[in-house]
Structures are given as structure tokens and as C-alpha cells.
Amino acid sequence: MHKLIKHVLSATNPIEGLTVKGWVRTRRDSKGFSFIELNDGSCLANLQIVVDAGVPGADPVSRFTTGSSAIVEGNLVPSPGTGQKWELKATKIELVGPADATYPLQKKGHTPEFLRTIAHLRPRSNLFGAVFRTRSRLAWAVHQFYQERDFVYVHTPIITASDCEGAGEMFRVTTLKGDIDQDVGKDFFGKRTYLTVSGQLEAETFACAMSRVYTFGPTFRAENSNTARHAAEFWMIEPEMAFCDLAGDMDLGEEFIRSMARYMLEHCEEDLALFAKFVDREVIKRLQFVVERPFQRIEYVEAVEILSKSGRTFEYPVSYGLNLQSEHERFLTEEHFKCPVTVFNYPREIKPFYMRLNDDAKTVRAMDVLVPGIGEVIGGSQREERLDVLLENMRFHKLRPEDYWWYVDLRRFGSVPHAGFGVGFERLLMFLTGVPNIRDVIPFARTPGNAEF
Ligand code: 4AD
Ligand code: MG
């Protein structure tokens with residue numbers, strides 16, 4: 001394989017006879033030679049190529065337009081110019097694929113909104129190259145975090161018959177034509193099936209066998225919320241631990257967020273510097289803050305009290321029994337506590353059936369981790385492990401226990417206290433990069449009315 005530009009640029013000595021391959025970012029012609037900035041996506045920086053007139057393959061050099069692809073052979077020498085340590089003096093150049101003047105990434109400084117309309121080309125821009133390199137590294141860091149702690153990676157199904165969150169926000173999966181509710185028995189699976197909203201229920205079965213497990217995969221929500229933080233298809237990381245209570249769950253959630261922030265600071269320096277320069281000046285400071293400071297923990301009732309007494313007028317009402325909206329979450333973390341906040345013990349009415357009921361019979365052992373700039377990044381809970389209470393909870397939420405018979409079985413056979421949570425991978429990336437829109441941290445965003453590419 002040929003050398004990637006990131007390795008060429010980190011050379012410590014000149015190199016003779018090198019081949020690089022990539023896409024032309026810009027070309028400047030001078031008398032007798034041209035400069036080509038070549039990028040192959042392996043790093044933010046381009047490699048400067050010096051092409052002297054008469055170099056085999058160069059004539060006419062005007063074919064090497066922005067967006068075209070090229071293979072260059074040459075010698076790596078110290079660059080006399082400013083701005084780069086090395087340049088490649090071409091001995092041979094080959095145009096692989098031309099790009100005409102309609103190539104849409106001609107100029108610098110396109111808006112993210114415009115780049116979304118050319119999602120097939122935007123990884124070739126500086127910003128999106130950085131975003132998707134970061135996404136890849138962080139996915140690796142997620143696995144490393146859980147693997148180091150002896151969590152077993154479980155691939156939970158994407159097609160499922162159960163609505164984990166009970167919110168009815170599921171995409172139906174069917175091969176039926178016509179009225180899809182008429183002949184449910186004749187459908188592919190012989191029952192109603194959906195794209196999963198969460199792998200939690202299946203992860204719980206594995207936790208109740210293998211102690212510590214996690215899932216990391218795509219999840220789907222047919223919620224019609226066109227916000228900067230909601231996508232219809234997103235990736236979720238869901239650890240689940242047997243013999244664990246709510247306190248242990250919060251410990252792991254906070255440790256995870258802190259660890260990802262530290263990883264970002266230590267391993268993504270070049271791309272992070274780009275985010276700090278062009279996307280969010282505060283991002284590095286915020287990450288350092290999260291690494292250094294303990295998270296604030298408060299009960300839901302205290303959160304409601306703080307918000308009620310804040311003197312703020314919020315768009316959505318605040319009162320006991322209502323969900324916290326993102327404006328409330330952001331007030332708590334950004335303005336009131338000025339640090340990440342974990343809110344726990346929510347009213348049972350606003351949380352799903354599987355959460356463990358507290359002794360007050362009013363609240364459940366739920367927890368949400370809120371971070372500055374985003375609000376909720378983690379949602380989790382201790383699970384109800386008592387058979388009778390779970391069945392009662394299901395009736396309370398108008399669910400039929402027989403539809404969840406295998407889940408209920410876990411409470412019949414060797415039931416144990418257990419807990420877990422879900423992290424939206426894109427929300428985590430928004431927090432770590434400062435990129436303000438979820439559409440810009442996922443390669444091809446699916447949102448209401450949009451499934452292009
Ligand atoms: O709070 P949620 O709905 O929790 C669950 O699904 C649990 N079953 C997880 C568990 O305990 N194993 O979702 C978890 C996280 C949220 O905190 C948020 O970060 C992210 O998933 N999320 C979304 N991210 C992007 N777009 C959406 N539409 C999202 N909905 C939830
Ligand atoms: Mg939630």
C-alpha cells in the first residue's frame with residue numbers, strides 16, 4: 001500500500017522515491033512550476049506538491065483541478081516556504097479522475113447547511129474530514145472503555161417486536177402490501193415488527209447471564225421532532241450491569257463521559273484545534289472542565305425547585321410531573337451549576353415501565369446526565385427486578401405482560417438488581433466537538449422528510 005499523507009507529514013528525514021494518492025484541494029501556477037495541495041483524508045493537513053513544467057504526466061497541469069484525483073511520485077524535501085515543514089517534489093504525476101468546474105467544493109468557507117446538501121462530497125472538506133475522523137476514533141474509544149472494564153459486547157437485534165421506551169415512536173417493518181394492519185399474521189415475521197428504539201431489553205437478558213454487557217449500534221425513532229439534537233436514525237451505546245444499583249449506574253455514566261472528554265483532549269488534538277478555531281471557541285475549555293470537575297447530582301424534585309425559583313421565563317412550563325425540556329436541562333448545567341449535572345429519581349408517570357420503583361411509590365430510579373451545550377446525553381435507570389412490582393408497572397403503563405414474557409422471565413429465574421443506561425453517540429460527539437447540529441456529526445442524517453443519500 002502507498003503511504004498516507006499523515007505519515008508522510010510526520011517524517012523526520014527527507015524521503016526519496018515516495019508515492020502519494022489523493023484529491024487536489026487547490027493548484028497555484030507560477031512560471032515554470034505549479035503548487036498542488038493534495039489531501040487524502042488521513043489528516044487535516046494537505047501535502048504541498050511542487051510540479052515543475054516538464055515532469056512526466058504534468059502537461060497540461062491545468063487538468064489537475066480542484067476535486068480531481070491524482071497519484072504523485074517524488075521526493076520529500078524540506079519546504080523553503082512558510083506554512084509547511086515538507087513538500088513533495090514531483091518526479092511523475094498522473095491524473096486518475098478529472099473534476100470539472102461544476103465540482104461544488106470550489107471555494108473555502110461553505111456553510112454546514114450547504115454542505116448537508118452535498119453529503120456525498122462533504123467528507124472532502126476540512127470540517128467534515130475532522131468530524132468523521134473524530135467519530136471513528138471515538139467509536140474505538142467507546143469499545144476500549146467497556147472492553148477494559150470487562151463488558152461483553154452484545155449485538156442486539158435491529159428488528160424487534162417490543163417497544164422498549166413505550167413511547168410509540170417506532171418505524172414499522174413489514175413486507176405486506178395494502179392495509180398492513182389487516183393481515184398481521186401473514187406478515188414476514190407473523191407479527192407486528194419494528195426497527196428498534198433501544199437494545200436495552202435484550203441487553204438486560206445478557207447482563208443477567210454475563211454480568212456486564214454493552215451494545216453499540218443503530219437505533220431508530222419515528223419522533224417528529226425537527227431539532228438540532230434529534231435524528232430518526234442514531235447510534236446508541238448501552239451498557240447494562242447485573243448486581244448494580246442506581247448509584248453504581250450514575251458512577252459509570254459519569255466516568256464514561258469524563259473518559260471520553262479526556263480521550264478527545266489526548267488523542268484528537270489536531271482535529272480538536274480545528275473545532276476550537278472554526279466551530280466552538282469554548283470546546284477545549286469545556287472538555288477540560290468536565291475532566292477536572294465532579295458532576296453535580298440532584299434529584300428531580302430539586303431540579304424542579306431550582307427551575308421554578310430561577311426567575312427565568314422558559315418556553316415550556318416547569319412543574320412536578322412534567323418532563324424536563326432541553327432549555328431546562330441546559331439552564332441547570334450551563335447557568336445554575338456550571339458543570340455536568342446528573343438528575344435522578346423522576347416521577348414514575350413520565351418514565352418507562354422497566355424502571356425500579358422507589359419506596360415512596362411515586363418516583364423511579366431513573367437518571368439523566370446533562371452536559372453543557374447539549375442537555376441530556378445519557379438516559380438510564382436501575383431496572384425493576386421484583387416480579388410483582390414489574391407486572392404492576394406494566395399494567396400501570398398499559399402494557400400486556402404476555403408481550404414481554406421473556407423479559408418478565410428474567411424476574412422469575414435468578415432475578416438480580418441491575419442497571420444500565422443509553423448514550424446517544426451523536427449527542428456525545430456534539431458535546432466533544434462543539435458541532436451544534438446532529439446532522440453534522442452523522443455521515444448521512446435521517447430526519448423527518450429527509451433520507452437522501
Ligand atoms: O433516554 P433514552 O430514550 O433511553 C433509552 O432508550 C434507554 N432504553 C437506554 C438504556 O437505559 N439502555 O435514550 C438514550 C439516549 C438519550 O440520552 C440521548 O442521548 C439519545 O439516546 N437519544 C437520541 N439521540 C439522537 N436523536 C434522538 N432522536 C434521540 N433520542 C434519544
Ligand atoms: Mg431520555
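When a residue number appears, it is its place in the shown sequence, counting from 1. Ligands are counted one by one from 1 in listed order, and the atoms in each one are counted from 1 as well.
Taking each of Arg446, Glu238, Met430 in turn, the one with a heavy atom nearest to atom 12 (N) of ligand 1 proves to be Glu238. Among Gln382, Arg221, Glu233, Glu165, the residue whose heavy atom lies closest to atom 13 (O) of ligand 1 is Arg221. For atom 8 (N) of ligand 1, the nearest non-hydrogen atom from the set Gln200, Lys351, Glu426 comes from Gln200.
The shortest N/O to N/O separation between Ser198 and ligand 1 falls below 3.5 Å. For a threshold of 3.5 Å applied to N or O pairs, the pair formed by Ala231 and ligand 1 contains at least one separation below that value. Residue Val423 places no N or O, backbone or side chain, under 3.5 Å from any N or O of ligand 1.
For atom 17 (O) of ligand 1, the nearest protein heavy atom (residue, atom name, distance) is Glu376 OE2, 2.6 Å. Closest to atom 15 (C) of ligand 1, if we only count protein heavy atoms, is Gly422 O, 3.6 Å. Among protein heavy atoms, the minimum distance from atom 21 (O) of ligand 1 is reached at Met236 SD, 3.5 Å. The closest protein non-hydrogen atom to atom 18 (C) of ligand 1 is Arg427 NH1, 3.5 Å. Closest protein heavy atom to atom 24 (N) of ligand 1: Phe234 CD1, 3.5 Å. The nearest protein atom to atom 20 (C) of ligand 1, hydrogens excluded, is given as Gly424 CA, 3.6 Å; this is a heavy-atom distance.
Geometrically, Arg192 does not engage Phe189 in a cation-pi contact, judged by NZ or CZ lying under 6.0 Å from the ring centre and within 45° of the ring axis. By the 6.0 Å and 45° rule, Arg149 stacks over the aromatic ring of Phe145. Under a cutoff of 6.0 Å and an axis angle of 45°, Arg137 and Tyr263 do not form a cation-pi pair.
When the options Asp187, Asp183, Thr193 are evaluated for a side-chain hydrogen bond (donor to acceptor under 3.5 Å, both in side chains) with Thr174, the one that passes is Asp187.
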Pair Glu204, Arg383 - check salt bridge (Lys or Arg N to Asp or Glu O under 4.0 Å), show working.
CA-CA 9 Å; Glu204 279 186 54; Arg383 321 306 188 186; 3.8 Å; yes
Working for side chain to side chain donor-acceptor pair (under 3.5 Å), residues Ser198 and Glu238
CA-CA 8 Å; Ser198 160; Glu238 296 182 271; 2.7 Å; yes
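Heavy atoms of Glu223 found under 4.0 angstrom from ligand 1 belong exclusively to the side chain. Residue contacts with ligand 1 for Phe421 involve N, CA, C or O but no side-chain atom from C-beta outward (heavy atoms, distance under 4.0 Å). The residue Glu240 has no part lying near ligand 1, judged by heavy-atom distances below 4.0 Å. Using a 4.0 Å cut-off between heavy atoms, Thr219 makes no contact with ligand 1 at all. With a 4.0 Å cut-off on non-hydrogen atoms, Val377 touches ligand 1 through its backbone and not its side chain. Heavy atoms of Trp235 found under 4.0 angstrom from ligand 1: none, in either backbone or side chain. In His230, the parts holding a heavy atom less than 4.0 Å from any atom of ligand 1 are both the side chain and the backbone.
By the 30° and 60° cut-offs, the orientation of the rings of Phe114 relative to His110 is tilted. Using bins of under 30°, 30° to 60° and over 60° for the plane-to-plane angle, the ring pair Phe314/His328 lands in the perpendicular bin. The aromatic rings of Tyr214 and Phe151 sit perpendicular, their planes meeting at an angle over 60°, well past the 30° parallel limit.
A salt bridge does not link Lys21 to Asp40: none of the charged nitrogens lies less than 4.0 Å from a carboxylate oxygen. With respect to Arg365 and Asp249, no salt bridge is recorded, no charged nitrogen being found less than 4.0 Å from a carboxylate O. Looking at Arg312 and Glu335, a side-chain N of the basic residue comes within less than 4.0 Å of a carboxylate O on the acidic one, giving a salt bridge. Looking at Arg348 and Glu392, a side-chain N of the basic residue comes within less than 4.0 Å of a carboxylate O on the acidic one, giving a salt bridge.
Tyr194 and Glu169 share no donor-acceptor pair across their side chains, judged by distance under 3.5 Å alone.
Ligand 1 is never approached by Ser381 to a heavy-atom distance shorter than 4.0 Å. Look at Arg383 and you'll find a heavy atom under 4.0 Å from some atom of ligand 1.
Residue Arg229 has at least one heavy-atom neighbour below 4.0 Å for each of these atoms of ligand 1: 25 (C), 26 (N). Those atoms of ligand 1 that come under 4.0 Å of a heavy atom in Tyr354, given as number and element, are 7 (C), 8 (N).
Among the backbone and side-chain atoms of Glu376, an N/O/S atom is found under 2.8 Å from the Mg ion (ligand 2).
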